[in-house]
Amino acid sequence: MSAIHLQDLTVTFADGTKGLEEINLDIAPHEFIVLVGPSGSGKTTLLRTIAGFVHPSQGKVEVGGKDLTGVSPESRGMGMVFQQHAVWPHMSVADNVGYPLKFTKDSAQVRKEKIQRTLALVGLVGFGQRKPGSLSGGQRQRVALARAIIADPTVLLLDEALSALDEPLRDNLRRELVALTKREGLTTVHVTHDRSEALAIADRIVVLQQGQIAQVSTPEELLVRPNTAEVAAFISDATIIPAKLNADGAHADDLGITWNTNIIEQAHRINDAAQQSSVKLAVLPADTQLVSPGTEGAIPASIESVLFERDRFSITAKAGSYTFRTTSTQRPGIGDNVGIIPQRMLSYSE
């Protein structure tokens with residue numbers, strides 16, 4: 001069983017900067033985990049620590065119940081695919097894929113059979129004698145993936161493995177990758193900067209911020225219940241509004257608006273009606289309604305950008321120093337005056 005257990009994992013770099021701080025995470029066998037976060041949040045550092053390329057300052061990495069913290073990368077039984085294909089141009093596709101088998105005791109015939117089976121798994125039947133230079137970018141990435149899985153790894157690690165590919169190839173390979181990992185029973189950890197990709201393919205998403213885990217959730221939970229205002233802003237482009245919360249509602253001084261508590265979730269329990277609590281209110285795009293200007297209770301705003309996205313328009317509207325995102329089946333004009341009504345607001349402590 002290829003469960004991964006990370007305990008108190010901390011990485012401190014030579015200059016004293018902490019790349020990771022007390023990471024605790026359990027990944028189930030065959031689970032597809034995606035690491036996301038802003039640039040410098042620690043997602044690649046965490047992946048490379050699991051792989052063994054980065055040595056933790058403290059804590060441990062266990063895979064299948066074995067402590068691998070001091071084990072070299074090549075002895076961990078993991079497959080890894082990087083953003084760049086990293087295939088050897090002077091070797092055939094079959095030789096590239098079969099390279100990890102050079103270090104096994106398999107016979108030449110067994111190696112040949114494994115190479116053919118693995119090429120079939122990644123959709124490259126008949127490509128064995130080709131050179132990488134004759135392949136497309138997507139095909140070369142399939143070669144890299146085949147090489148990563150041919151030796152039956154306990155864990156598959158993907159470092160921005162699809163980000164260099166163009167759509168729709170990227171979407172096709174993304175679908176095939178998820179199907180392949182499920183069929184082969186691989187425990188997978190995937191780093192991406194693409195939030196849509198993370199939401200589409202993950203069993204669970206790990207959101208990292210400043211070297212720490214901010215949230216671990218299914219995609220569905222993450223969209224509806226972000227743990228912090230910062231996670232809401234990063235994952236869903238939520239608008240964050242400082243406010244004062246009491247028993248009657250939440251008041252935003254700079255907007256001059258008070259919202260009733262019936263639209264505020266995760267609000268603090270206020271025993272004293274006179275007591276006020278400083279909070280951050282997160283308004284998700286899905287909970288933002290665009291209305292006519294002058295509508296009662298609406299925040300006055302103006303349209304800042306309009307982008308067409310398949311069956312609707314993605315809209316940003318500016319209200320003072322705040323930018324709200326929403327969607328509409330109707331296309332407003334840039335600069336149009338509108339109203340914004342939050343239909344649900346998430347409340348977080350300051």
**Q** Indicate yes or no: does R204 engage E221 in a salt bridge with an N to O separation below 4.0 Å.
**A** no
**Q** Can you check salt bridge (charged side-chain N to carboxylate O under 4.0 Å, His left out) on D237 and R195, steps first, answer last?
**A** CA-CA 11 Å; D237 295 314; R195 296 171 298 176; 3.0 Å; yes
**Q** Using a distance-only test with no angle check, is there a side-chain donor-acceptor pair under 3.5 angstrom linking E197 and H190?
**A** yes
**Q** If I take atom CZ from residue F13 and atom OG from residue S57, how far apart are they, to the nearest 0.5 angstrom?
**A** 8.5 Å
**Q** Is L145 reachable from V125 through a run of I, L, V, M, F, W or Y residues, each pair having side-chain heavy atoms under 4.5 Å apart?
**A** no
**Q** Check whether any side-chain heavy atom of F127 sits under 4.5 Å from a side-chain heavy atom of R142, and report yes or no.
**A** no
**Q** Does some side-chain heavy atom of P226 sit less than 4.5 Å from a side-chain heavy atom of L346?
**A** yes
**Q** Is there a donor-acceptor pair closer than 3.5 Å between any side-chain N or O of H5 and the backbone N or O of D26?
**A** no
**Q** If you count every heavy atom of other residues, nucleotides or ligands that lies below 6.0 Å from R312 atom CZ, does the total exceed 12?
**A** yes
**Q** Run the side-chain donor-acceptor check on residues 39-47: report pairs under 3.5 Å with partners two or more places apart or on a different chain.
**A**
residue	atom	partner	partner atom	Å
S41	OG	P38	O	2.8
K43	NZ	G37	O	2.9
K43	NZ	P38	O	3.3

**Q** Will you find, in the side chains of S2 and T187, an N or O donor that is under 3.5 Å from an N or O acceptor?
**A** yes
**Q** Assess whether atom NZ of K112 is packed by more than 12 heavy atoms of other residues, nucleotides or ligands within 6.0 Å.
**A** no
**Q** side-chain contact (heavy atoms from CB on, under 4.5 Å) for T288 and L284? Distances and angles first, verdict last.
**A** CA-CA 6 Å; T288 302; L284 304 179; over 6 Å; no
**Q** How far apart are the C-alpha atoms of I303 and I315, what are their side-chain angles, what is the distance that settles it, and do they pass the side-chain contact (heavy atoms from CB on, under 4.5 Å) test?
**A** CA-CA 7 Å; I303 300 297; I315 298 164; 3.6 Å; yes
**Q** Just verifying a value: how many Å separate R140 CZ and N96 CG, rounded to the nearest 0.5 Å?
**A** 11.0 Å
**Q** With no hydrogens and no angle check, just 3.5 Å: does a side-chain donor-acceptor pair link S302 and K318?
**A** no
**Q** Could you report the tightest heavy-atom contact between G128 and L119, atom names first, then the distance?
**A** CA-CD1, 4.0 Å
**Q** Distance only, no hydrogens: is a donor on one side chain within 3.5 Å (strictly under) of an acceptor on the other, for S292 and T295?
**A** no
**Q** Within the side chain of R344, is there an N or O that forms a donor-acceptor pair under 3.5 Å with the backbone of D287?
**A** no
**Q** Under 3.5 Å, is there a donor-acceptor pair between the side chain of N260 and the main chain of N262?
**A** no
**Q** Taking the side chain as everything from C-beta on, heavy atoms only, tell me whether V231 gets closer than 4.5 Å to L222.
**A** yes
**Q** I need the minimum non-hydrogen distance between A51 and R76, along with the two atoms involved.
**A** O-CD, 3.4 Å
**Q** Would you call D203-K182 a salt bridge at under 4.0 Å N-O?
**A** yes
**Q** Check the side chains of T192 and D194 for a donor-acceptor pair under 3.5 angstrom, ignoring hydrogens and angles.
**A** no
**Q** Quiz question: by atom type and distance under 3.5 Å, do the side chains of K244 and S277 form a donor-acceptor pair?
**A** no
**Q** Indicate the atoms forming the closest heavy-atom contact of P100 with T104, along with that distance.
**A** O-CG2, 4.0 Å
**Q** When the side chains of residues 206-215 are checked against the rest of the protein, which donor-acceptor pairs come out under 3.5 Å, sequence neighbours left out?
**A**
residue	atom	partner	partner atom	Å
Q215	OE1	N227	N	2.5
Q215	NE2	S217	OG	2.9
Q215	NE2	R225	O	3.0

**Q** State whether the number of non-hydrogen atoms from other residues, nucleotides or ligands found under 6.0 Å of R325 atom CZ is greater than 12.
**A** no
**Q** Once rounded to the nearest 0.5 Å, what's the spacing between atom CD1 of I240 and atom OG1 of T323?
**A** 12.0 Å
**Q** With the side chain counted from C-beta on, respond yes when I201 and L177 share a heavy-atom pair under 4.5 Å apart, and no when they do not.
**A** no
**Q** For the pair D171 and R175, find out whether any cationic side-chain nitrogen is under 4.0 Å from an anionic carboxylate oxygen.
**A** yes
**Q** Report yes or no: do T316 and S305 form a side-chain donor-acceptor pair below 3.5 Å?
**A** yes
**Q** Could you check whether any side-chain heavy atom of T17 comes within less than 4.5 Å of a side-chain heavy atom of T12, counting everything from C-beta outward?
**A** no
**Q** Cluster partners of V291, using ILVMFWY side-chain heavy atoms under 4.5 angstrom, listed by chain and number?
**A** I341
**Q** Would you check if the side chain of S92 reaches a backbone N or O of R130 as a donor-acceptor pair within less than 3.5 Å?
**A** no
**Q** Testing the basics here: between P153 and A148, what is the closest heavy-atom pair and its distance to 0.1 Å?
**A** CG-O, 3.4 Å
**Q** What closest approach, in Å, do W259 and I264 show between heavy atoms, and which atom pair accounts for it?
**A** O-CD1, 4.1 Å
**Q** Going from CD on Q141 to OG on S136, what distance comes out if it is rounded to the nearest 0.5 angstrom?
**A** 10.5 Å
**Q** Between K60 and D67, does a salt bridge (charged side-chain N to carboxylate O under 4.0 Å, His left out) hold up when you go through it step by step?
**A** CA-CA 7 Å; K60 64 180 180 179; D67 188 350; 5.2 Å; no
**Q** Work out which heavy atom in A317 is nearest to a heavy atom in I340; give both atom names and the distance.
**A** CB-CD1, 4.1 Å
**Q** Check whether any side-chain heavy atom of E22 sits under 4.5 Å from a side-chain heavy atom of Q58, and report yes or no.
**A** yes
**Q** Using only atom types and a distance under 3.5 Å, with no angle test, would you say the side chain of E31 pairs donor to acceptor with the backbone of A28?
**A** yes
**Q** Would V63 and M78 satisfy side-chain contact (heavy atoms from CB on, under 4.5 Å), going step by step from the backbone distance to the final call?
**A** CA-CA 10 Å; V63 177; M78 299 180 182; 3.6 Å; yes
**Q** Just checking E74: does its CD atom have more than 12 heavy atoms from other residues, nucleotides or ligands closer to it than 6.0 angstrom?
**A** yes
